[in-house]
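Computed from heavy atoms alone, side chains included, the values below leave out hydrogens, waters and symmetry copies.
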Amino acid sequence: MQLHNTATGRKDPFEPRDPQRVTMYVCGPTVYSYAHIGNYRPPVVFDVLARLLRRRYPNVVYVRNITDIDDKINAAAAREGVEIGVITSRYAAAFHEGLAALGVAPTDHEPRVTEHIPPIISMIERLIASGHAYAAEGHVLFQVSTYPGYGELSHRDTREMLAGARVEVAPYKKEPGDFVLWKPSTPDLPGWDSPWGRGRPGWHIECSAMAEALLGETIDIHGGGHDLVFPHHENERAQSTCAHGGKVFARFWLHNGFVTMNSEKMAKSVGNVLLVKDLLQHAPGEAIRLGLLTGHYRQPLDWNDETIADARRKLDRLYGALRDAGEVAPSDAKAPAAFIAALEDDLNTPAALAEMFELAKALNKADDAGDKAQLAAQLRDAGSLLGLLQQPPQDWFAQHVGDSGVPAAAEIEALIAERAAAKKAKDFKRADGIRDGLKARGVLIEDSVQGTRWRYVSD
RNA sequence: GGCUCGGUGGCAGAGUGGUUAUGCAGGGGACUGCAAAUCCCCGUACGUCGGUUCAAUUCCGGCCCGAGCCUCCA
């Protein structure tokens, strides 16, 4: 297996440090509002990677955190006049609903920052003791100049960066590039007692401490959105490496590209945020998931109306092949080698999907029952790695998302029976009238050798 | 300005030093009462200018265009 490593800037062969325990940490959301489609790209991408790793290694420990203490959370809580727990549990629950809708399997651990304050304090103490951090005016700061490797992950020259720093430098910083590990809380803000007074952790130290607590000092894979490379992951790397006496923190750094809308970054300030909870009102979660996997994870993904429509049609074709195979004998055939090879080449999901369409075509052409059984099993197994095609085909075609107006199944069945009678009586005008009527109401009729079947069509 | 990554057929989107991506849309055909679904065939795409090479969309360089990051945004 090959994975692109941000630290080296190329695809490197991946071998776990310990094949008996493969470790992966992915930065999760800060739960202060509803998550948009871009926020779900890392969970979906790394869900696929986790599935792939689990197939190959007996024990994969996958951690994705939830950041539940943060200035934006504090602001939201203050705005609503509630405890931060009200805010964080609301949006964490919404996030989980989105994950479930997109078929994202649960991680092995989902640590929350507020439940890991002692390990965070402990790590900060160790950084101070080893001379990498210092306390000043209630803050604790990491002294970047004590870590020569700083900048290696993001390929930045620290001196130039510091020279070009455009942010006002806080007076308590020894050097402009130093970043905060702990900051003081005023009485009206959430805080925890610490050796440096009542306060709260900085953002970067959370992930370092939770990764250490759950996965140890060196992890195999660290993932997240491309925007986290700097400063978040650069800082994490500095903290963890220094706290662990120079041991490698993450052996592989993986970063997914952004989701854009009309080639623009999705951001509140731009006003082009597409929330998944809204999207789910119009499209099946499985189609959204496929939409997120149609491009390679490192490429930017431009999201538009066609993305979803396209994904739905693709699923129509794949599920259609499974449906037309009919009842086939169970087979334990696995995904073909070319499909696995595509995924093992830095998670090339577009190439892997192309293999699935080849399987679908072969399945559509197959006559022999044994061949059908095997091809259907292969297609399903391939789907299981991408988190697709796991429901009965009938269910896929019978679902209708959101809106009103579409006829209920019972009514459709009755009209189909009526049409069948008309067809038998050679009254094709009436039969076609029923079909056209249903089509106008969003139901497509198909006659097949197994009888007439129907499905809801989008738009 | 620095760093990272891109510009592929109508759209989406892989890949490759000389040979089919794949899906959708479109054209033709088979099947069908007519459709739909399915199958077969088709259009000969690689930003631009140079260089390397017997041969470049694929390697190298310049240029143009685009996205992201540059202290708390997935």
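- Backbone-only engagement by A:Glu358 is indicated by non-hydrogen atom pairs under 4.0 Å involving sugar-phosphate atoms exclusively.
- Within the 4.0 angstrom heavy-atom criterion, base atoms lie near A:Lys265.
- Counting non-hydrogen atoms under 4.0 angstrom, A:Gly320 reaches nothing in the nucleic acid.
- Residue contacts for A:Arg435: at a heavy-atom cut-off of 4.0 Å it reaches a base atom on one of the strands shown.
- Contact of A:Asn348 with B:G15 (side chain to base): no donor-acceptor pair of N or O atoms is detected under 3.5 Å.
- Here A:Phe258 does not lie in a stacked arrangement on the base of B:G68, lacking the combination of planes under 30° and ring centres under 5.5 Å apart.
- The residue A:Ile445 sits close to a base: some heavy atom pair falls under 4.0 Å.
- Across all strands, A:Lys426 comes closer than 4.0 Å to no nucleic acid atom at all (heavy-atom distances).
- Among the heavy atoms of the strands lying under 4.0 Å from A:Asn39 is at least one base atom, whether or not backbone atoms are also near.
- At B:G33, none of the side-chain N or O atoms of A:Arg430 fall inside 4.0 Å of OP1 or OP2 (strictly under the cut-off).
- Contact annotation for A:His155: backbone-only contact, meaning every heavy-atom pair under 4.0 Å involves sugar-phosphate atoms and none involves a base.
- Contacts of A:Lys424 with the nucleic acid, taken as non-hydrogen atoms under 4.0 Å apart, are absent.
- Nucleic acid contact class of A:Glu234 (heavy atoms, under 4.0 Å, all strands): none.
- When heavy atoms are screened at a 4.0 angstrom cut-off, A:Phe357 is found touching the sugar-phosphate backbone but no base atom.
- Spacing between B:G6 and B:G43 at atom C1', rounded to whole Å, works out to 27 Å.
- At the phosphate of B:C39, OP1 or OP2 sits under 4.0 Å from a side-chain N or O atom of A:Asn364.
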